[in-house]
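Here is the structure we will look at.
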Amino acid sequence: MTGLYDSFQRPINYLRISVTDRCNLRCVYCMPADGICQISHGDILTYEEICTIVKAAADLGISRVRLTGGEPLVRLGLADLVQLLVGLDTIDDVSLTTNGTLLGSYAPILKQAGLKRVNISLDTLRSDRFKAITRSSYDVADVLRGIDSAGSVGLSPVKINMVVMAGINDDEVIDFAAKTIGEGWHVRFIEFMPTAGIAYRTSHFVPVSEIKRRLEPLGELEPGLTQVGNGPARYFRFPGSRGTVGFISPVSEHFCFNCNRLRLTADGKLRPCLLSDAEVDLKQPMRSGISSSELKRLITAAVSSKPLRHRLAEGFLPGDRPMTQVGG
Ligand code: SAM
Ligand code: SF4
């Protein structure tokens, strides 16, 4: 068997890289109300260090990477990192997850650097709500500009991620779904996950089954579509629509048995599972001068320690790092 496999024989070929823990928004479901204790600049991996890790991981079997954060576009020179990663012939696909607020100006340079696609997080189409959910002075118009800009330079498909929260934005699922019909958006509805540092109430949770029920007035969903970079989402389409509707159900119907991913935090920890606190440090060993084969051994050890599944249903909640530090 060639490639990278965990101890449950799952192929691991996808690495999500958090390039910063900083963010220009403070989304209620992600960022603790008091903010985070920021990683010091000296502890953040340099772009060269990220590339060294990606090269080693690619030699083992990683072929796709996604840049995330915090907000990746607040890190200076992100397009330079994109260019470095795209230049690695062992990496097939480089993509980005962003809140979209800065994408209006960065989309052309990212495209030029070789970025393929973007996922944009947007949880409301209403200005007042946007400010409340993101606890920022940005406007939903900034994100809409980012979406347009990404589409017009060909960073496609542009996927819109909406975290659905009862009593906060769940009354908008139908408006988002309508955009898949009217404007060809690709919208993914994500179940709200409990993560470290946020005030999570189970009363805010909306299962995918309920989201689907709310979309019934728009017609019957046709199942079975696949998309580039297919991850945990299950995709559907309303009859005749250009866009798609995806559902991501980490809580009500977990997809751990098909999990193919690893996460690299901004301070150089490899995290085999989003919802488990275990991490393997790569930064200190690298800064102490370990060889490429030792680095690969650490990556392989992290992969071997990947748990079979998360334990949210049994009440185990990851406790150490807020989502903005792990990358989502
Ligand atoms: N700042 C970028 C953004 O917002 O897209 C990238 C980082 S963000 C942590 C990555 C993804 O994690 C976003 O799509 C966000 O909606 C998702 N996310 C954060 N907290 C979440 C939670 N508690 N439940 C579900 N998804 C969450
Ligand atoms: Fe920032 Fe993204 Fe978290 Fe919102 S979801 S606080 S934009 S990292």
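For clarity, every value in this text was computed on a predicted model and none was experimentally measured. All ligand and atom numbering here is 1-based and tracks the order in the structure.
- Screening residues 103-114 for side chain to side chain donor-acceptor pair (under 3.5 Å) gives no qualifying pairs among residues at least two apart or on separate chains.
- Take a cut-off of 2.8 Å around atom 1 (Fe) of ligand 2: the protein N, O or S atoms inside it are Cys23 SG.
- A salt bridge links Arg129 with Asp171: at least one charged nitrogen is closer than 4.0 Å to a carboxylate oxygen.
- Protein residues with a heavy atom under 4.0 Å from ligand 1 are Tyr29, Cys30, Thr68, Gly69, Gly70, Glu71, Thr97, Thr98, Asn99, Ser121, Asn161, Val163, Ile190, Glu191, Phe192, Met193, Thr195, Met323, Gly327, Gly328.
- Residues Pro322 and Met31 are not in side-chain contact: their nearest non-hydrogen atoms beyond the backbone lie 4.5 Å or more apart.
- In terms of the salt bridge (charged side-chain N to carboxylate O under 4.0 Å, His left out) criterion, residue partners of Arg214 (sequence neighbours excluded) are, by chain and number, Asp170, Glu210.
- For the pair Asp267 and Arg321, the salt-bridge criterion is met [side-chain N within less than 4.0 Å of a carboxylate O].
- To the nearest 0.5 Å, the span separating CG on Asp89 from CD1 on Ile91 amounts to 9.5 Å.
- Using a cutoff of 4.0 Å between basic side-chain nitrogens and carboxylate oxygens, Asp142 and Arg145 are scored as salt-bridged.
- The residues Arg234 and Glu253 are annotated as salt-bridged, a charged nitrogen and a carboxylate oxygen being separated by less than 4.0 angstrom.
- One finds a salt bridge joining Arg271 and Asp277 here, because a Lys/Arg side-chain nitrogen approaches an Asp/Glu carboxylate oxygen to under 4.0 Å.
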